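Shown next, in structure tokens, is the structure this report addresses.
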Amino acid sequence: MSSVTLSLAKAHLRVDDGSEDELIQLYIDAAEAWFENFTGRKLAKFDPVPPDVRRAILNLVGFYYAVRESVTFGDAVRMVPFDVQHVANSHRVAHFGEEVEDDI
């Protein structure tokens, strides 16, 4: 089960029709995968998923929807908005590539 529904994401993006449903669902799945990989935590372990995490995922979906390629600002490349990374950092238990116990 997704932490963010397609209808909620469409409301966040202000999309009224169904012509981009598949694309938006892909962005939801990618945002949730990013969060899980970044934090080392499975969203399914949250019951319920905290509001700050859901908002961060919505913001990442919005970022993916609006900016369909990497964005550069001077010398920096932003892969995710700062607010998304801030929320993810507050829930982080492991870094990329680290082994994590299944019960986290």
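Keep in mind that this is a model prediction, so the values were computed, not measured. Just so you know, residue 1 is the first one in the sequence shown, and it goes up from there.
- Closest approach of Leu43 to Val49, counting heavy atoms only: O-CG2, 3.9 Å.
- Partners of Tyr65 by side-chain hydrogen bond (donor to acceptor under 3.5 Å, both in side chains), not counting sequence neighbours, listed by chain and number: Glu20.
- The minimum heavy-atom distance between Ala31 and Tyr64, with the atom names listed, is N-CE1, 3.7 Å.
- Side-chain polar atoms of Gln25 and Asp21 form no donor-acceptor pair below 3.5 angstrom.
- Pairing each heavy atom of Ile28 with each of Val61, the nearest pair is CA-CG2, 3.7 Å.
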Worksheet entry | Intermediate values then yes/no, side chain to side chain contact (heavy atoms under 4.5 Å, CB included), Leu60 and Trp34 | CA-CA 9 Å; Leu60 190 51; Trp34 181 91; 3.8 Å; yes

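- Nearest heavy-atom pair across Thr5 and Leu8 is OG1-N, 3.0 Å.
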In residues 51-59, what donor-acceptor pairs under 3.5 Å come from side-chain atoms, sequence neighbours left out?
unit_1: Asp52; atom_1: OD1; unit_2: His91; atom_2: NE2; d: 3.4
unit_1: Asp52; atom_1: OD2; unit_2: His91; atom_2: NE2; d: 3.1
unit_1: Arg54; atom_1: NE; unit_2: Ser3; atom_2: O; d: 2.9
unit_1: Arg55; atom_1: NH1; unit_2: Asp83; atom_2: OD2; d: 3.2
unit_1: Asn59; atom_1: ND2; unit_2: Asp83; atom_2: OD2; d: 2.6

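- Shown here for Ser2 and Glu32, the closest heavy-atom pair between the two residues is OG-OE2, 2.8 Å.
- Under the side-chain hydrogen bond (donor to acceptor under 3.5 Å, both in side chains) criterion, Asp17 pairs with Ser19, sequence neighbours left out.
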